[in-house]
Amino acid sequence: MSPAGPHLFMRDIEGMATLAEQVKSGNVRAVSRLITLLENHRDNRQALHLLNGTSRGATVIGVTGYPGAGKSTVVNRLVSCYRRQGLKVGVLAVDISSPVTGGALLGDRIRMQEHALDHGVYIRSMATRGYHGGLAQATGDAALVLETAGYEVILIETIGVGQNEIDIVDLAHVVVAVVAPGLGDEVQAMKAGLLEVAHIVVVNKGDLSGADNTLRDLREWCPNVLRTVATTGEGISELAAAILAHRPSSGVSSVSEVRNR
Amino acid sequence: MAVASQPLRILIGKVGLDGHDRGVKLIARALRDAGMEVIYTGLHQTPEQIVNTAIQEDVDAIGLSILSGAHRTLFRRVLELLKEQDAEDIALFGGGIIPDEDVPTLTAAGVKALFRPGAPMEEIVTFVKGLKPQG
Ligand code: B12
Ligand SMILES: Nc1nc2c(ncn2[C@@H]2O[C@H](COP(=O)(O)OP(=O)(O)OP(=O)(O)O)[C@@H](O)[C@H]2O)c(=O)[nH]1
Ligand SMILES: [Mg+2]
């Protein structure tokens with residue numbers, strides 16, 4: 001059985017060291033398996049020590065916002081955009097687990113399947129497994145694994161949220177909040193939460209009526225508001241530019257540095 | 001409190017030019033309601049997309065729904081790709097419109113089980129749960 005094969009546990013120290021080496025060399029199976037181990041048992045976090053010293057300073061972009069606003073479609077477009085720039089891209093897409101059954105329907109990547117054959121793109125769906133804050137407990141660890149494996153841009157899609165689920169702020173260099181027209185009251189509520197912490201606010205579905213009103217309303221309130229139509233790609237290169245402008249290029253901080261600050 | 005949780009992760013998807021998606025959505029929901037993490041890829045996937053996705057998502061099994069008549073080629077191609085990628089530990093099963101005579105051929109080739117119209121959901125859930133011994 002290959003070291004990245006099935007039935008690998010933390011007690012298998014040697015196997016874990018091999019797995020870490022494979023992750024460092026960018027082996028996709030090893031990346032996947034290590035993320036599973038980190039998701040399944042907190043004790044496996046010991047493995048993270050085996051990854052140290054290899055931080056390459058990935059840019060972590062959080063994409064959050066109201067359910068159905070178009071987060072996944074925006075992420076899909078951003079992936080294409082960064083790929084055209086030759087960057088390797090990792091995506092962590094978080095969806096909520098049922099509090100009753102523990103099960104989850106992870107559907108974000110439906111919008112991203114055009115990248116499934118691109119070896120420069122890694123997409124992983126994660127369920128919250130009862131964790132609050134808009135992410136899964138292991139999302140930060142998974143980002144570290146992706147950074148170690150050489151992904152230069154890491155996009156994290158949170159669960160559909162409006163107000164208090166803002167763990168993403170502690171994990172991402174740049175937080176993008178996506179809203180859509182026709183969410184009057186919800187947008188008002190978001191002003192006291194998500195929109196307050198976002199670096200960039202995107203009014204997606206700019207093709208729908210009401211987009212102008214939403215834009216005007218939000219621009220009165222925060223400086224960095226952009227309009228996109230993720231289904232056609234309109235406004236996405238401007239968004240990508242705004243994201244990179246926000247991310248300081250010098251004094252690059254790695255995933256682990258951001259998390260410890 | 002270090003709680004280990006290892007829900008089954010199952011990829012559910014449709015391959016080829018087959019737009020019949022009622023059955024596959026029922027299956028995805030039933031497996032979710034049985035406590036599994038279901039990664040749904042949507043329609044029109046190629047076998048290559050399915051296998052790459054399965055590896056990135058580190059799933060325990062792939063369940064494909066095929067009502068188009070192309071099941072013989074498509075199931076075999078997925079098995080081939082799993083072998084090429086050294087990922088034969090990922091189980092393959094499926095369902096849809098599959099004539100009696102094709103079932104033994106496909107299961108002999110490595111498809112773990114095939115469920116046709118009328119198959120009780122309970123039976124499907126029990127089968128999938130049995131793919132990975134829990135504990
Ligand atoms: C509804 C239907 C449609 C709808 C589909 C709507 C939709 N969004 O799904 C519409 C009208 C669009 C349609 C179109 C066509 N259809 Co049609 N359609 C049917 C019909 C009547 C029922 C299918 C259905 O929804 N069943 C209900 C669901 C719940 O059952 P199911 O999908 O079979 O799933 C169950 C099991 O099969 C199994 N299962 C299925 N998938 C999976 C996956 C896993 C992992 C597991 C474990 C189990 C599993 O579990 C499910 C629950 O029990 C069938 C005939 C029939 N009786 O099956 C024909 C049928 C499937 N269609 C057929 C054809 C030919 C077509 C068309 C090509 C017709 C045409 N000439 O235009 C087009 C093709 C469209 C396309 N792009 O693919 C043929 C296929 C022939 C073949 N395979 O040899 C059938 C069999 C009719 C026939 N007897 O000729 N169709
Ligand atoms: N008209 C229009 N529809 C869009 C646009 N962007 C996304 N959509 C549609 O909106 C729906 C939801 O898009 P997603 O990208 O899945 O939204 P999401 O925010 O990721 O949704 P959740 O993850 O479920 O919260 C889909 O049907 C998209 O096709 C847009 O710019 N204009
Ligand atoms: Mg989404």
Side-chain angles (χ1 to χ4, degrees), chain A residues 1-2 4-10 27-45 90-93 95 97-98 100-119 121-131 136-138 146, chain B residues 1-15 21 24-61 81-82 85-91 125 128-129 131-134:
Chain A
M1 183 179 33
S2 66
H7 313 306
L8 193 104
F9 299 102
M10 190 58 209
N27 178 316
V28 173
R29 253 227 113 193
V31 167
S32 293
R33 193 50 51 90
L34 183 52
I35 293 176
T36 302
L37 290 170
L38 290 165
E39 275 192 301
N40 284 355
H41 210 296
R42 296 295 283 167
D43 289 353
N44 289 331
R45 299 191 80 228
V91 177
L92 300 171
D95 267 317
S97 303
S98 157
V100 182
T101 66
L105 201 48
L106 307 170
D108 288 324
R109 73 175 295 150
I110 295 176
R111 319 259 175 240
M112 311 179 193
Q113 280 303 88
E114 66 185 83
H115 301 292
L117 296 182
D118 182 346
H119 292 295
V121 178
Y122 179 93
I123 303 171
R124 176 71 176 234
S125 313
M126 303 182 85
T128 53
R129 300 192 183 177
Y131 194 71
Q137 190 168 28
L146 292 183
Chain B
M1 189 176 56
V3 197
S5 73
Q6 321 199 349
L8 277 163
R9 287 173 67 85
I10 311 290
L11 184 157
I12 295 291
K14 291 204 57 94
V15 267
D21 64 356
V24 76
K25 285 179 170 166
L26 283 181
I27 303 291
R29 250 176 274 138
L31 297 183
R32 177 200 59 189
D33 293 343
M36 301 176 203
E37 291 181 359
V38 177
I39 294 97
Y40 180 51
T41 61
L43 303 172
H44 306 316
Q45 301 294 298
T46 64
E48 286 79 5
Q49 283 177 305
I50 291 288
V51 171
N52 277 10
T53 300
I55 288 173
Q56 293 181 3
E57 297 285 356
D58 198 27
V59 295
D60 300 291
L81 288 165
L82 285 171
Q85 304 240 28
D86 194 21
E88 285 168 292
D89 53 299
I90 300 176
V125 170
V128 180
K129 278 185 174 164
L131 286 172
K132 185 171 148 188
Q134 291 292 301

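Sequence lines set the chain letters: A, B, ... in the order given, protein chains first and strands last, and positions in each chain run from 1. As the structure is a computational prediction, the values presented were derived from the model and not from experiment.
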Interface moiety of [X] toward chain B, non-hydrogen atoms closer than 4.5 Å:
| X | answer |
| --- | --- |
| A:Ser125 | both |
| A:Arg129 | side chain |
| A:Val91 | neither |

Under a 4.5 Å heavy-atom cutoff, which of B:Glu37, B:Gln85, B:Gln45 has the most pairs with chain A?
->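 Option with the greatest count: B:Glu37.
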Inset, instruction - Identify which of B:Thr53, B:Leu43, B:Ile55 forms the greatest number of heavy-atom pairs closer than 4.5 Å to chain A. - result: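 Counting heavy-atom pairs under 4.5 Å, the top option is B:Thr53.
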- Query: According to the salt bridge (Lys or Arg N to Asp or Glu O under 4.0 Å) rule, which pairs have a member within residues 39-51 of chain B, sequence neighbours left out?
  - Reply: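 Of all non-adjacent pairs touching residues 39-51 of chain B, those that pass salt bridge (Lys or Arg N to Asp or Glu O under 4.0 Å) are B:Glu48-B:Arg77.
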*For B:Gly42, does its backbone N or O pair with a side-chain atom of A:Gln113 as donor and acceptor, under 3.5 Å?*
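Judged by distance alone, no pair lies under 3.5 Å.
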* Asked: Hey, is the main chain of B:Glu57 close enough, under 3.5 Å, to the side chain of B:Arg9 for a donor-acceptor pair?
  ->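 Confirmed, B:Arg9 side chain pairs with B:Glu57 backbone.
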Q: State, without any angle test, whether A:Tyr122 and A:Ser32 hold a side-chain donor-acceptor pair at a distance under 3.5 Å.
A: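 A:Tyr122 vs A:Ser32: donor-acceptor pair found between side chains.
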Checking A:Glu39 against A:Asn44: is there a side-chain donor and acceptor pair closer than 3.5 Å?
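Result is no, nothing qualifies.
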